[in-house]
Amino acid sequence: MKSRGKKLYEGKAKTLYEGPDPDTLVVHFKDDATAYNAEKHAIIEGKGVLNNRISELIFTRLGEIGIPTHFIKRLNMREQLVNKVEIIPLEVIVRNVAAGGICKLLGLTEGEALPRTIIEYCYKDDKLGDPLISDEHILAFGWANPQELDDIVSMTMRINDFLTGLFAGIGIRLIDFKIEYGRQYDGDMVRVVLADEISPDSCRLWDVETNRKLDKDNFRRDLGDLVDAYSEVAKRLGILHGKNEIPKRSKPVLVKSD
Ligand code: CDP
């Protein structure tokens, strides 16, 4: 059975196709890596396979603890079948330790402990550079209603608690991460579900012992081999340890850097 239909949308790291029925989509994980709103772009062989597998494992585990997600099943090395959702145009960022944007914004030092976990929202709009917004903006502009925002906050805190423990168990500190939610329609019913992906592209993950970065900062800041880092995360999660499963690769090919 052919599960993949017409191409619907091509994003920076993933392509969406029609699924086998009208309520589903096929997500294809590409090898493209982008940073700084796609100003830096390279093809890194193997990244798509790793993110597909890591995201599958995380979404499956979150489903098992009762977090509703769009994930249905993995189809092959690069593709997964998901429920079609209407994406809520927010990037929900969870920060446990200072890094990235918050250091610049507030003059904090990378690695500094935060007084408590902080949830931030950015409005998803590449042209505007995904600006940081508050819940007032979300409600005033109707990007989510108050009930949806409550659901988002409570699910996000549970996801953070679960993932912090999952990664701590394999010697990794979950510094921060970004998630997205969507509305899943089922007849007259609509509910908010976790969508998109959770992978080293969207998390900061540091080795507990050495502080080695096991995430996309390797690409953003040219710190080291991205596929080696993502493979280490996959290996510790107990997936993709067969030598033949991680594709052999050539050096990253820079597509654009200005
Ligand atoms: O890393 P950067 O300074 O661009 O943004 P950040 O706000 O510090 O990112 C916080 C977390 O969200 C990091 O783990 C990023 O990898 C992730 N993020 C993402 O996946 N996609 C974005 N568009 C922005 C952030």
Side-chain angles (χ1 to χ4, degrees), residues 9-14 27 29-30 32-42 44 47-48 50-52 54-55 58-59 62 87-114 116-134 137-138 143 152-153 155-157 159-160 162-164 166-168 172-182 194-207 211-224 226-227 229-230 232-233 257:
Y9 170 81
E10 180 150 8
K12 284 174 276 195
K14 297 187 290 290
V27 181
F29 286 73
K30 303 194 292 179
D32 296 64
T34 63
Y36 313 115
N37 207 1
E39 272 176 42
K40 183 172 179 180
H41 180 193
I44 302 181
K47 183 179 83 86
L50 284 156
N51 281 352
N52 186 26
I54 294 170
S55 198
I58 292 176
F59 273 62
L62 289 171
I87 289 288
I88 296 174
L90 301 175
E91 300 202 327
V92 179
I93 293 174
V94 181
R95 299 186 184 278
N96 296 310
V97 175
I102 199 170
C103 294
K104 225 165 114 187
L105 186 75
L106 300 177
L108 305 180
T109 308
E110 183 178 81
E112 201 176 304
L114 295 171
R116 64 173 175 83
T117 296
I118 295 172
I119 298 184
E120 284 176 2
Y121 308 101
C122 293
Y123 178 53
K124 257 174 81 71
D125 185 318
D126 282 341
K127 282 202 267 348
L128 298 175
D130 301 333
L132 183 65
I133 51 164
S134 77
H137 298 94
I138 297 171
W143 294 320
I152 287 173
V153 171
M155 281 193 264
T156 300
M157 293 310 279
I159 292 168
N160 184 47
F162 181 79
L163 292 185
T164 299
L166 176 75
F167 283 116
I172 293 174
R173 283 170 81 197
L174 178 60
I175 303 301
D176 59 28
F177 61 98
K178 186 264 312 187
I179 46 182
E180 295 181 21
Y181 290 93
L194 182 69
D196 195 48
E197 69 176 291
I198 300 181
S199 72
D201 266 7
S202 56
C203 302
R204 283 197 172 87
L205 302 169
W206 296 358
D207 180 82
N211 279 333
R212 177 185 168 203
K213 294 182 170 56
L214 299 169
D215 54 52
K216 205 168 96 175
D217 275 345
N218 282 292
F219 170 70
R220 291 191 192 95
R221 294 158 57 180
D222 298 315
L223 297 175
L226 182 137
V227 168
Y230 289 25
E232 179 65 25
V233 175
S257 144

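Start at 1 and go down the list; that is how both ligands and their atoms are numbered. What you see below is based on every heavy atom in this structure, not just the backbone, and it leaves out hydrogens, waters and symmetry mates.
Summarising the geometry of V227 relative to K47, their closest heavy-atom pair is CG2-N, 4.2 Å, with the distance given to 0.1 Å.
By the side-chain contact (heavy atoms from CB on, under 4.5 Å) test, L105 pairs with L132, sequence neighbours left out. In this structure, the side chain to side chain donor-acceptor pair (under 3.5 Å) partners of D217, at least two apart in sequence or on a different chain, are R204, R220. Residues meeting the ring pair (Phe, Tyr, Trp, His ring centres under 6.0 Å) test with W206, sequence neighbours left out: none.
The side-chain tip of K40 points at the ring of F219 from less than 6.0 angstrom away and within 45° of straight on.
Sorted by chain then number, the residues whose non-hydrogen atoms approach ligand 1 to under 4.0 Å are E91, I93, R95, A99, G100, G101, D130, D176, F177, K178, D201, S202, C203, R204, R220.
At least one donor-acceptor pair closer than 3.5 Å links the side chain of N96 to the backbone N or O of L174.
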